[in-house]
Amino acid sequence: MLEIKNLNVKLADEDKVILKGLSLTVPKGEVHAIMGPNGSGKSTLAYVLAGRDGYEVTDGDILWNGDSILEMEPDERAAKGVFLAFQYPMEIPGVAGLTFLRTATNAVRKKREQAEMTTPEFMKFVKEKAAKLNIDYEMLKRPVNVGFSGGEKKRSEILQMAMLEPTLCVLDETDSGLDIDALKIVSDGVNALRGPDRAMLVITHYQRLLNHIVPDKVHVLADGRIQKTGGKELALELEKSGYAEFTGKAA
Amino acid sequence: MPAVQETVAQVKTIDVDQYKYGFETDIEMVKAPKGLNEDIVRFISEKKGEPAWMLEWRLDAYRRWRAMTEPTWAKVEYPKIDFEDLYYYAAPRNSEGPKSLADVDPELLKMYERLGVPLQEQEILAGVKSDKPRVAVDAVFDSVSVVTTFKDELAKAGVIFCSISEALREHPELVKKYLGSVVPQSDNYYAALNSAVFSDGSFVYVPEGVRCPMELSTYFRINERETGQFERTLIIAEKGSYVSYLEGCTAPMRDENQLHAAVVELIALDDAEIKYSTVQNWYPGDKNGKGGIYNFVTKRGDCRGRNSKISWTQVETGSAITWKYPSCILRGDNSRGEFYSIAVSNGYQQVDSGTKMIHLGKNTSSRIISKGIAAGFSQNTYRGLVSAHRKATGARNFTACDSLLIGDKCGAHTVPYIEAKNSSAHFEHEATTSKISDDMLFYCQQRGLSEEEAVALVVNGFVRDVLQQLPMEFLAETQKLIGISLEGSVG
């Protein structure tokens, strides 16, 4: 279970406060959506969960399965099951996708005290997962994300998610840059990973994604805290009324 | 704290030097007295039992050297070297007898074993350790060659692979014909010094039409204190022959600086090809920039024949100062020169390295791929010259210089010189400078890699084009070496 308690976050180098007492709980097996206007702190929340530098937590805590993860390095959090699908995945020139996937998979397995995968095991595993996401095996021989289309980048993120077998998946605007077909493939990939032991936090601007990945709960994030929580129908309401109701206070 | 900030802090606190080869070997040595004069030159020549013409050649070089001044144009800084305060000759006491493995001091064999240099040819031949690469090795310890392996097998193919001292005794006509024909005695200050006092090095002769049956390799080790190492390598590939050669180098950790001034000459005749690879891992100095090797080296290949080819691949991770420009003279028509380089600098290392491609023949082509990686407080300069002579019609060059910065206290510099004296030359130059960004490291870390693994992965991706040029046998080792050299550059 993910428990975010009264989380206050500012930028490390500036006095800008971004999250102002955000509290949220996502039980295992559930998918929660976070919606909100630009600048409400959605991406900050994703980065702070994953442990990116540049943010300072001034108050509150983040517990994953009962343990605080705030003091952990990003790779330790990854080993503990935290996965962030990036809005803008980074390009790594000269490093083939397969090399990256294998290095990451084995790094995580090692930290989880599982046996590292042998080459044949790994190849079998990656081929199986790639086929499900409609990823051409040839694409994995290209350098990570270099020259990828928006759809290829997002499918590649979901492939990494499938390979690393996380228990907490954070998807940051995974729908951005996707056409309808790609959106369907990515959503199917995410849905396939839904399970009783996995919690998911889906961050998005638009209700569209939530037609494909149907959430158990929807939270509205504005002005650095959760303003409203509801069922999946809340997303439809927001689509009609917009965020004006919540941003008035912020302005 | 952002990762790059941390990088800088880490470099300050951690001993950047993760140098694994810093041990000393206790061996009884014979040395010439300190300082340099004509008597020392005579002493060295006599020790080697050289012919009279060789002594004259050395003395000529010595006199020219006396009249020269140290070059100062490179972007490196160091206190003035006192050339009178160095030993110019040091040899293990028992090394002057016949050279077979059985005669080598066991202490020396132990040292090379620790360094991972395969000298046990019997075991390899017998297939006991068949997983190890089959590589013929010439091991040079301070001033002399201690052993050369696989000589008999190479001789069957007609290939001569021995120390240059031995070549002077056994094949003086070949040495006389080619020595100094690519790098003349007075070429530059350090080459002149080397010509006067060089004590050993490797000699390779591949006869016409022969493809050398195995990789050749020389392993250089500086051990003695206050001793300069001056080795001389000469490789001749006759018409239609091929040879691939690799040199490796290490030295103990010392708080003084040590001088290494080598000269390498390559000669490729018609349709011949020489592939020369270097993995340079001299001691780079400690975290405060104290100690380390001054590596002032002249390397040049002469594509003397038509359709000949010389390819330099270098991986430079060590030395306090590197001053080195492996070059190609493209004399033969249709000849080709290549230069692939990875230069990694960390701590207070200074690298000024690059190449010269001198196009003289018609339709000659050259290719330069240089990857510089600077971390810590280091300065990393690429300096290169591409020139086409008036008569070098149809000359072509492609140059790509990429620099990668880790942290914000290091520097990368690119100084390309391009001279085209005829209108048909076609020269291309590309250069990029990038930084390992916090975002890239975070992305890798989010996928479970530690920060150090993330840097190693990104850097290995950056240098991939060049790594592919190395002989397979050395690839894995080199990837590891690059990782080790950058340890301590991040947390």
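In the text below, chain A, chain B and the rest are named by the order of the sequence lines, each starting its count at 1. Note that the coordinates shown come from a computational prediction; the quantities given were computed from them, not determined experimentally. Excluded from the calculations below are hydrogen atoms, water molecules and symmetry mates; all remaining heavy atoms, backbone and side chain alike, are included.
- Contacts of R77(A) with chain B are absent, with no heavy-atom separation under 4.5 Å from either backbone or side chain.
- Chosen from Y47(A), F100(A), F86(A), Y88(A), the residue pairing most often with chain B at heavy-atom distances under 4.5 Å is F86(A).
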Item to check | side chain to side chain contact (heavy atoms under 4.5 Å, CB included) evaluation trace for L457(B) with T103(A) | outcome: CA-CA 9 Å; L457(B) 185 82; T103(A) 310; 4.0 Å; yes
Checklist entry - Is there a side chain to side chain contact (heavy atoms under 4.5 Å, CB included) between V95(A) and N460(B) once you walk through the steps? => result CA-CA 8 Å; V95(A) 177; N460(B) 272 305; over 6 Å; no
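- A distance of 9.5 Å separates CD in E76(A) from CD in Q445(B), rounded to the nearest 0.5 Å.
- Put simply, CZ on R52(A) and CG on D438(B) are 7.5 Å apart, with the number rounded to the nearest 0.5 Å.
- The OH atom of Y443(B) sits 3.5 Å away from the CD atom of E157(A) when rounded to the nearest 0.5 Å.
- The choice from N106(A), L84(A), V82(A), L101(A) that makes the most heavy-atom pairs within less than 4.5 Å of chain B is L84(A).
- Both the backbone and the side chain of A50(A) have a heavy atom closer than 4.5 Å to some heavy atom of chain B.
- In K356(B), the NZ atom is not crowded: 12 or fewer heavy atoms of neighbouring residues, nucleotides or ligands sit closer than 6.0 Å.
- Using a 4.5 Å cut-off between heavy atoms, F462(B) touches chain A through its backbone atoms (N, CA, C, O) alone.
- Of the residues considered (A107(A), A78(A), P74(A), P89(A)), P74(A) shows the highest number of contacts with chain B, using heavy-atom pairs under 4.5 Å.
- Nearest heavy atom pair, residue L449(B) against residue A104(A), reads CD1-CA, 3.7 Å.
- Note: Q446(B) leads Q446(B), R464(B), E453(B) in heavy-atom pairs under 4.5 Å with chain A.
- S450(B) and K111(A) make their closest contact through N-NZ, 3.8 Å (heavy atoms, listed as atom of the first residue, atom of the second, distance).
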